[in-house]
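Below you'll find the structure, written out as structure tokens, and then a few comments.
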There are 2 protein chains.
Amino acid sequence: MSEFGMSAEVESPCHYRRALEVVSSKWTVLVFYELEFGKRRYSDLKRRVEGVTQKMLTQTLRQLERDGLVVRHVYPTVPPTVEYELTPLGLTLIEPMRVLHQWTDAHYDSVRQARMAFDQENA
Amino acid sequence: MSEFGMSAEVESPCHYRRALEVVSSKWTVLVFYELEFGKRRYSDLKRRVEGVTQKMLTQTLRQLERDGLVVRHVYPTVPPTVEYELTPLGLTLIEPMRVLHQWTDAHYDSVRQARMAFDQENA
DNA sequence: CAGCATCCCCCTTGATACTG
DNA sequence: CAGTATCAAGGGGGATGCTG
């Protein structure tokens with residue numbers, strides 16, 4: 001369990017910092033994007049989120065579940081079926097995420113160019 | 001330089017993922033919040049961003065500079081004066097950040113409670 | 001299918017010391 | 001003041017193998 005980074009709430013001075021941990025992982029955000037469109041099975045998520053390992057996917061989903069953003073539905077079939085879905089709380093995050101998403105679409109080229117220029121000068 | 005995580009643009013399949021690296025660090029976001037209100041000296045930032053080491057602060061500022069979100073102004077005084085300021089591109093990120101910030105204020109208590117409940121059940 | 005367990009490496013971060 | 005340099009430690013994350 002220590003590998004899951006669910007540290008026992010050590011009080012941090014800054015409120016925002018801990019709040020931002022909610023979305024600070026790249027996998028978190030990418031998984032979240034997939035769940036915006038409805039419930040998804042574990043294997044679907046694994047297929048759709050490119051490059052994620054099952055370890056990181058599971059870890060990310062547990063994190064989201066712990067934060068109350070995602071519910072896990074287990075259906076007692078053989079083989080097992082597990083679906084993940086945004087909670088009402090999770091739904092409230094869609095809009096902020098969408099705004100960030102739009103910024104990305106609009107300005108990422110500028111970031112790329114800035115990076116290239118920076119790397120050029122500091123060669 | 002390898003310590004600075006400025007890897008040489010290995011092409012990743014997902015576009016969003018790389019874009020999100022721009023804001024995915026907690027220090028990045030916290031430093032960014034400080035700069036929303038105008039230019040700040042290095043020592044000011046170090047004082048205001050609680051818990052950041054000078055190494056991480058420098059690293060974060062370089063990252064933001066490389067991404068074109070921040071400019072670094074050096075004044076040839078003794079002792080040296082260095083100010084950091086958002087660029088026009090950086091300014092466009094304020095609104096998305098603010099939205100995220102507001103979500104944090106509105107819902108972080110819910111997240112806290114969800115975590116406590118989750119940890120209770122999985123004791 | 002949907003995971004948990006382990007091993008292991010490397011990268012990030014912290015700590016410390018030094019400088020223009 | 002505003003950094004850079006170096007070293008050491010820790011943990012995040014990949015790879016692999018196993019299960020209900």
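Fair warning: this is a prediction, and the values are worked out from it, not measured in the lab.
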To 10°, what angle do the rotation axes through the five end pairs on each side of the helix from C:dC1-D:dG20 to C:dG20-D:dC1 form?
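Roughly 60° between the end axes, to the nearest 10°.
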Whole-Å distance separating the [atom1] atom of [X] from the [atom2] atom of [N]:
| X | N | atom1 | atom2 | result |
| --- | --- | --- | --- | --- |
| A:L57 | D:dG12 | CG | P | 17 Å |
| A:R40 | C:dC1 | CZ | C1' | 17 Å |
| A:R47 | C:dG3 | CZ | P | 14 Å |
| B:M56 | D:dG3 | CE | P | 15 Å |
| B:K46 | D:dT4 | NZ | P | 14 Å |
| A:Q59 | D:dG12 | CD | P | 7 Å |
| B:Y75 | D:dA2 | OH | P | 12 Å |
| B:K26 | D:dG12 | NZ | P | 11 Å |

Using a 4.5 Å side-chain heavy-atom cut-off and chaining through intermediate ILVMFWY residues, the residues clustered with B:V71 come out as none
Mind checking side-chain contact (heavy atoms from CB on, under 4.5 Å) for A:V82 and listing every partner two or more places apart, or none if nothing turns up?
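Per chain and number, A:V82 pairs via side-chain contact (heavy atoms from CB on, under 4.5 Å) with A:R72, A:V74, A:Y84.
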Applying side-chain contact (heavy atoms from CB on, under 4.5 Å), can you list everything that pairs with B:T60, at least two apart in sequence or on another chain?
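With neighbours one apart ignored, the set is B:W27, B:T28, B:V31, B:L64.
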When you get a sec, tell me which of [options] is the closest nucleotide to the side chain of [X]?
| X | options | answer |
| --- | --- | --- |
| B:T53 | D:dT4, C:dG14, C:dC4 | C:dG14 |
| A:Y84 | D:dA2, C:dG14, C:dG3 | C:dG3 |
| A:R41 | C:dC1, C:dG14, D:dG3 | C:dC1 |

Can you check whether [X] has a side-chain N or O nearer than 4.0 Å to OP1 or OP2 of [N]?
| X | N | value |
| --- | --- | --- |
| B:R72 | D:dG3 | yes |
| B:T58 | D:dG3 | no |
| A:R62 | C:dG3 | yes |

Taking N or O atoms only and anything under 3.5 Å, show me the protein contacts with nucleotides 16-20 of chain D, one pair per line.
from: D:dG17; atom 1: O6; to: A:Q54; atom 2: NE2; distance (Å): 3.3

Transitively linked via ILVMFWY side-chain contacts under 4.5 Å: A:V99 with A:Y33?
no
All ring-ring contact (aromatic ring centres under 6.0 Å, His included) counterparts of B:W103, not counting sequence neighbours
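Once residues adjacent in sequence are excluded, the partners of B:W103 under the ring-ring contact (aromatic ring centres under 6.0 Å, His included) criterion are B:H107.
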What's the verdict on salt bridge (charged side-chain N to carboxylate O under 4.0 Å, His left out) for B:R47 and B:D44, showing C-alpha distance, side-chain angles and the deciding distance?
CA-CA 5 Å; B:R47 224 173 299 113; B:D44 287 338; 3.2 Å; yes
I want to check something: taking the side chain as every heavy atom from C-beta on, are [X] and [Y] in contact at a cut-off of under 4.5 Å?
| X | Y | result |
| --- | --- | --- |
| A:F32 | A:L86 | yes |
| A:R115 | A:F118 | no |
| B:V111 | A:L89 | yes |

